[in-house]
Protein chains: 2
Amino acid sequence: MAARRDTAALAPVENVTLWERVYTHLREQILDNTLPPGTVLSEVPLAASLGVSRGPIREALGRLAAEGLVTVRPRRGAVVSALTHEEFMQAYQVREALETLAIRLAVPNLTDDDVDRIDAIVDRQVLALGRDDIDGFFVLNSSFHQLFVDVSRNTTLQDMYRQLIGHMGRYQMRSVALRGTVRRSVAEHRAIARACRARDAGRAERLLRNHIRVPQRTLEAASHEEVVLKR
Amino acid sequence: MAARRDTAALAPVENVTLWERVYTHLREQILDNTLPPGTVLSEVPLAASLGVSRGPIREALGRLAAEGLVTVRPRRGAVVSALTHEEFMQAYQVREALETLAIRLAVPNLTDDDVDRIDAIVDRQVLALGRDDIDGFFVLNSSFHQLFVDVSRNTTLQDMYRQLIGHMGRYQMRSVALRGTVRRSVAEHRAIARACRARDAGRAERLLRNHIRVPQRTLEAASHEEVVLKR
DNA sequence: CGAATGTCTGTTGTCAACAGTTGGCGATGG
DNA sequence: CCATCGCCAACTGTTGACAACAGACATTCG
């Protein structure tokens with residue numbers, strides 16, 4: 001009974017419509033790279049494998065296309081879209097703009113709990129690094145950056161950031177001296193956390209901007225082959 | 001050849017699919033405020049009035065919903081969405097971030113022709129102002145800001161800006177000493193144009209940021225009623 | 001008289017079928 | 001042997017119909 005209440009409470013009506021479930025399912029698969037870029041998404045096989053009709057499939061594909069995760073060429077079907085090296089760099093520039101805005105807006109809103117939460121994330125990153133849990137590290141990294149967007153209380157910003165991360169989140173650096181970069185990244189997070197505790201928005205913004213520019217500069221010189229897919 | 005390439009690039013086969021035409025049609029009507037916020041968009045009447053089935057209507061509404069121009073509550077239909085005063089202010093913050101990024105990226109790319117084009121826009125704004133053509137003024141204003149986004153050559157930025165303008169473009173200030181603000185706006189455009197001709201990205205960015213913040217500050221004090229719909 | 005409940009209508013969500021188009025594959029001619 | 005033309009298969013775009021749900025209204029019971 002308790003368990004039933006939990007599931008009910010966590011998901012009041014967990015995705016009412018069919019196409020929403022299809023959309024969520026496909027979106028997760030794309031972001032997990034279970035469906036790597038270039039995969040063709042034909043409606044009939046999808047409908048068959050998911051046990052629904054083509055209607056909800058079309059609706060879900062339409063939403064994913066509007067989000068930019070798949071591209072559909074009329075009469076030619078949908079394929080999971082990929083970012084070129086150049087587009088990825090451009091997305092990084094937008095990310096810098098959005099995140100610096102986010103932290104500028106967020107710092108004045110930060111509660112003491114929020115600041116503690118930031119520190120906790122960085123602490124857990126150190127732990128994850130200690131046991132070579134790279135995947136866990138990246139999850140925490142996302143949480144760190146997402147937190148400021150959430151606290152900014154700017155819904156437009158939140159929507160756009162979600163969309164942007166949907167494009168970029170699939171790619172992760174593998175080579176380029178990952179270990180060293182990662183340690184430096186944690187140190188920068190720590191510095192940003194300190195600026196947040198001091199409620200110094202300007203300093204936090206400056207630190208975050210430089211923090212984001214590090215991989216941006218590294219990538220600038222690297223070829224596309226060095227930016228590989230997760231897993 | 002150049003002309004043919006232009007028209008071909010602008011409209012290769014003027015909207016192949018039905019739902020695209022429906023989407024474009026509805027989008028224009030919403031942006032023109034022919035369909036003001038709050039209008040309910042029922043599928044059957046729309047399908048009847050446009051002479052198509054419900055399928056393309058649904059697809060178009062889905063895209064508009066993904067873009068945020070309409071909100072659909074499952075089983076309750078679609079409604080043209082409105083921005084609250086607060087959301088509008090938040091959108092302005094995002095716009096500031098995106099446009100400052102745009103001009104920073106654009107200035108190094110500016111050709112001499114581009115600079116001439118900027119001056120031409122400002123010149124025409126002066127003319128429009130001289131004959132009290134407020135609507136024309138606002139169109140030119142949009143062109144001015146759009147130009148930097150175009151020249152930035154950042155497709156992610158362009159997509160997001162298009163989406164943002166879709167949300168904000170429907171609203172226009174009417175009261176709040178419009179005339180005086182407009183004259184000041186042109187002067188600021190002129191200053192930005194000068195910075196562009198000098199290829200001074202930093203100065204252009206600073207001027208643009210302040211330029212965007214003017215209506216932002218004015219709106220901050222104003223109530224929502226003073227931000228009325230175009231026409 | 002007020003509140004709860006049952007019905008009823010209008011709408012959306014979903015499905016299966018039809019038609020048009022695209023791209024590939026093979027046949028034919030040079 | 002290569003290029004061109006025409007057919008075929010598969011897929012998408014579109015349609016109309018069916019079923020389920022949300023809200024409104026009227027009815028009934030406390």
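Reminder, nothing fancy here: chain letters follow the sequence lines and each chain counts from 1.
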Worksheet item: Who pairs with B:His211 by ring-ring contact (aromatic ring centres under 6.0 Å, His included), at least two apart in sequence or on another chain?
Response: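 Once residues adjacent in sequence are excluded, the partners of B:His211 under the ring-ring contact (aromatic ring centres under 6.0 Å, His included) criterion are B:His145, B:His189.
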Worksheet entry | Distance in angstrom units between B:Tyr23 OH and D:dG13 C1', rounded |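 For the pair B:Tyr23 OH and D:dG13 C1', the rounded distance is 19 Å.
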Practice prompt. Specify the separation, in whole Å, of atom CD of B:Glu59 and atom P of D:dG13.
Written response: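 Going from B:Glu59 (CD) to D:dG13 (P), I get 7 Å.
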Worksheet item: Any Lys/Arg nitrogen of A:Glu67 or A:Arg162 sitting under 4.0 Å from an Asp/Glu carboxylate oxygen of the other?
Response: yes
Fill in: B:Glu205/B:Arg209 ion pair, N-O < 4.0 Å
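Salt bridge present between B:Glu205 and B:Arg209.
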Backbone N/O of [Y] and side chain of [X]: donor-acceptor pair under 3.5 Å:
| X | Y | value |
| --- | --- | --- |
| A:Asp114 | A:Thr111 | yes |
| B:Ser185 | B:Thr181 | no |
| B:Glu59 | B:Tyr23 | no |
| B:Asn154 | B:Ala102 | no |

For residues 71-82 of chain B, run the donor-acceptor check on the side chains, cut-off 3.5 Å, and write out each pair with its distance to 0.1 Å, sequence neighbours left out.
| residue | atom | partner | partner atom | Å |
| --- | --- | --- | --- | --- |
| B:Ser81 | OG | B:Gly68 | O | 2.8 |
| B:Ser81 | OG | B:Leu69 | O | 2.8 |

Worksheet entry | Pairs flagged by salt bridge (Lys or Arg N to Asp or Glu O under 4.0 Å) wherever residues 33-49 of chain A is involved - sequence neighbours left out |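 Listed once each, the pairs are A:Glu43-A:Arg54, A:Glu43-A:Arg58.
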Sort me out a list of protein N/O and nucleotides 15-21 of chain D N/O pairs below 3.5 Å, or just none if empty.
| residue | atom | partner | partner atom | Å |
| --- | --- | --- | --- | --- |
| D:dT15 | OP2 | B:Ser53 | N | 2.9 |

Discussion item. So for the helix from C:dC1-D:dG30 to C:dG30-D:dC1, with five pairs setting each end axis, what is the inter-axis angle to 10°?
Written reply: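 End-to-end axis angle for the helix from C:dC1-D:dG30 to C:dG30-D:dC1: 10°, rounded to 10°.
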Item to complete: Determine the minimum heavy-atom distance between B:Val94 and A:Met160, stating which atoms define it.
Response: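 Closest heavy-atom pair between B:Val94 and A:Met160: CG1-SD, 4.1 Å.
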Worksheet item: Which two nucleotides bound the region of DNA chain C that has atoms under 4.0 Å from heavy atoms of chain A, read 5' to 3'?
Response: C:dT14 to C:dG23
